[in-house]
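Notes to accompany the following structure.
Only a predicted model underlies this, so the values are computations on that prediction, with no experimental measurement involved. Numbering of ligands and ligand atoms starts at 1, following listing order.
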Amino acid sequence: MSTETPSSPTLDDGRRLLAAAEALFEPVLARARELTAGGRAIDDHQVLAERVAYAATEVRAARETLARASAAGEEGRGGALLETTAAAAVADLVASVRARLDPELDALGLGDAALEKAFAPELRALLRRAGSEAVLREIGRETIEQRGRNELPLDEMLEQVRESVREFADKEVAPQAEHIHRRDEDIPEEFIRKMSELGYFGLSIPEEYGGHEMGNLAMILTTEELSRASLAAAGSLITRPEILTKALLQGGTEAQKKTWLPKLASGEVMVGVSVTEPDIGSDVAGVKCRATRATVEGEPGWVINGPKAWCTFAGRADVLALLARTDPDPAKGAKGLSLFIVPKDAFEGHDFEMKQPGGGRMVGKADATPGYRGMHSFTLNLEDYFVPASHLVGGEDGLGKGFYLQMGGFAAGRLQTGGRACGLAQAALEKTAEYVVDRAQFGKPISEYQLTRYNLGLMATRLLAARALTYAAAEAMDRDERKAGPLAAQAKLLSCDIAVDVTQRGQLMHGGWGYAEEYPISRYVVDAQVLPIFEGVKPILELKVIARTLLAS
Ligand SMILES: Cc1cc2nc3c(=O)[nH]c(=O)nc-3n(C[C@H](O)[C@H](O)[C@H](O)COP(=O)(O)OP(=O)(O)OC[C@H]3O[C@@H](n4cnc5c(N)ncnc54)[C@H](O)[C@@H]3O)c2cc1C
């Protein structure tokens, strides 16, 4: 940090602010637990539960931001800009927690006293100073000077992963990203082939099943760098196989793991995930698509009937991980669902029809979308579509366990989406930092205006928090996949909102050109908007995953 800002906040300042936010959050959480009967009555207090879930996410992000910056400092890889940005990020998060919880304090019987106790006058002054516009302008000035480049310190192996993926994405993906988006074209096969050769699909798959087992953080860095070049044409390719991988690792038979995981790791098999139906979205337990036992042409298995919606990549995919109702009794809810690996041919384009020799049929038609193009998201209809018995995940033991396996897969998907959001926000930060230097109005580059610097500072600061939380979730996933689900959901929640915020701020700083398709920022904005929608639309993620876990514990 330059000496222009005498009062640059320190990590110690950040720690004091975090302690204040925790001091406010803890009694709120305790009262919210009582009020919602340990989370059982969330629906009677949805707004409170949503606020608590978000505040918890922000508190956790503040903690992880400090931890990452402290660790980098201790290892001698930090730096003044990282320290100031981390402290400012904590101030931004803590101010948000305070404002978010304030409206609930009276209803929770805590009142102003809780606020005053947590935020004594000197802490309020510190909060204003650490998150002041002067601090953010200075961060913005340095961010512009560095053209927004992401140099967050990592260990040597991870830095190599990041560098090599960045090089690949800049060289191979970025030059084609605009074209694919504007023409809504298919993802080029050469992307898939090269990513397969580079081992990108096997990063988190155990070695015994043909993967590289480099861990979730290496995978997230890969996804992040690919998404920086294009969310839709490369950054989202690992997400689907990752969802199926986690479902197989948790509940697949040994034979299924041996059959499918090496093919997923090598990129030989591309995956679509088919859960949503035209009238079933968030209420996954209500899935209606039916799978019925049948023997077709002498082979025992299942026939699947029903519509599915929003199945991304269903055309090109070689298999669909499809959730279907195997128990016809609707009262069974989630317990009547099973997960199938549904094989199909790979098709080009925006619609397809797959006919099986035994009479089964699957048709797909892509729904046009403003962004997230390239993979195409399909409405499907399956008619007596045959799937061999060996494709029921978990075999006979997997009957009725599809919902839980799918949710396990979604935890991995959400972690992935945290990485995708960070990559997309990073792209917006870099393009904006370049643009504001090149664009002059009223006789000087717009980068020299205070408000531009402030906005760039805020973008960089928020992105650091999103990244710290996402990386923490990746590391938690390495330690214990089953316990990391709620943290992955928090990483997804915050990072996706930050991607929306950062891309829109970037667009405004491009003025009218930010709305022109030939400027990538316009693509980033429409791509970012889908992030809070899938893998648990934001309100559902907050209420049914994060709040439920928090309020129950
Ligand atoms: C581009 C794109 C790609 C997608 N890809 C896939 C894919 O590959 N595979 C797949 O299976 N799905 C996919 N989806 C579907 C996505 O996961 C769903 O859209 C998402 O889960 C939300 O479901 P829904 O759209 O039916 O919304 P709904 O469930 O109808 O929810 C709409 C809104 O209703 C409100 N709401 C609903 N229930 C509650 C409640 N209990 N309490 C309070 N408010 C509530 C919330 O405000 C919510 O945002 C994709 C979607 C898009 C847009």
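Within 6.0 Å of the CD atom in E348, the count of heavy atoms belonging to other residues, nucleotides or ligands does not exceed 12.
Among protein heavy atoms, atom 31 (O) of ligand 1 sits closest to S282 OG, 3.7 Å. Among protein heavy atoms, atom 41 (N) of ligand 1 sits closest to K544 CE, 3.8 Å. With respect to atom 44 (N) of ligand 1, the closest heavy atom belonging to the protein is Q46 OE1, 4.5 Å. Of the protein's heavy atoms, G281 CA, 3.9 Å lies nearest to atom 24 (P) of ligand 1. For atom 48 (C) of ligand 1, the nearest non-hydrogen atom of the protein is V537 CG1, 3.8 Å. Remark: minimum distance from atom 10 (C) of ligand 1 to any protein heavy atom is reached at T276 OG1, 3.3 Å. Closest to atom 47 (O) of ligand 1, if we only count protein heavy atoms, is P539 CG, 3.6 Å. Here the protein heavy atom with the shortest distance to atom 19 (O) of ligand 1 is I533 CG2, 4.0 Å.
Note: K194 NZ to E172 CD = 3.5 Å, rounded to the nearest 0.5 Å. Y372 OH to T312 OG1: the interatomic distance, rounded to the nearest 0.5 Å, is 4.5 Å. We find the CD1-CD1 distance between I192 and I187 to be 6.0 Å, quoted to the nearest 0.5 Å. A distance of 9.5 Å separates OG in S227 from CG in D527, rounded to the nearest 0.5 Å. For the atom pair SG of C289 and CZ of F340, the computed distance is 9.5 Å after rounding to the nearest 0.5 Å. Going from atom OG of S230 over to atom CZ of R523 covers 5.5 Å, rounded to the nearest 0.5 Å.
Contact annotation for W310 and ligand 1: heavy atoms of both the backbone and the side chain come within less than 4.0 Å of the ligand. Of the heavy atoms in V275, both backbone and side-chain atoms come closer than 4.0 Å to ligand 1.
Ring geometry, F347 versus F352: the interplanar angle falls under 30°, so the pair is classed parallel (tilted spans 30 to 60°). The aromatic rings of Y200 and F168 stand perpendicular to each other, their planes meeting at an angle above 60°, with 30° marking the opposite boundary.
The two residues R228 and Y524 make their nearest non-hydrogen contact at O-OH, 4.4 Å.
Heavy atoms of E535 approach ligand 1 to within less than 4.0 angstrom.
By the definition of a contact as any protein heavy atom under 4.0 Å away, atom 6 (C) of ligand 1 is in contact. In this structure, atom 17 (O) of ligand 1 is in close contact with the protein, since a protein heavy atom lies within 4.0 Å of it. There is no protein heavy atom less than 4.0 angstrom from atom 33 (C) of ligand 1.
When each atom of ligand 1 is checked for a heavy atom of Y372 under 4.0 Å away, the hits are 1 (C). Those atoms of ligand 1 with a heavy atom of V273 less than 4.0 angstrom away are 7 (C), 8 (O), 9 (N), 10 (C), 11 (O).
An N or O contact shorter than 3.5 Å links T312 to ligand 1 by distance. Backbone and side-chain nitrogen or oxygen atoms of I540 are examined, and none is located within less than 3.5 angstrom of a nitrogen or oxygen of ligand 1.
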Step-by-step side chain to side chain donor-acceptor pair (under 3.5 Å) determination, D501 to Q504:
CA-CA 5 Å; D501 175 73; Q504 287 181 351; over 6 Å; no

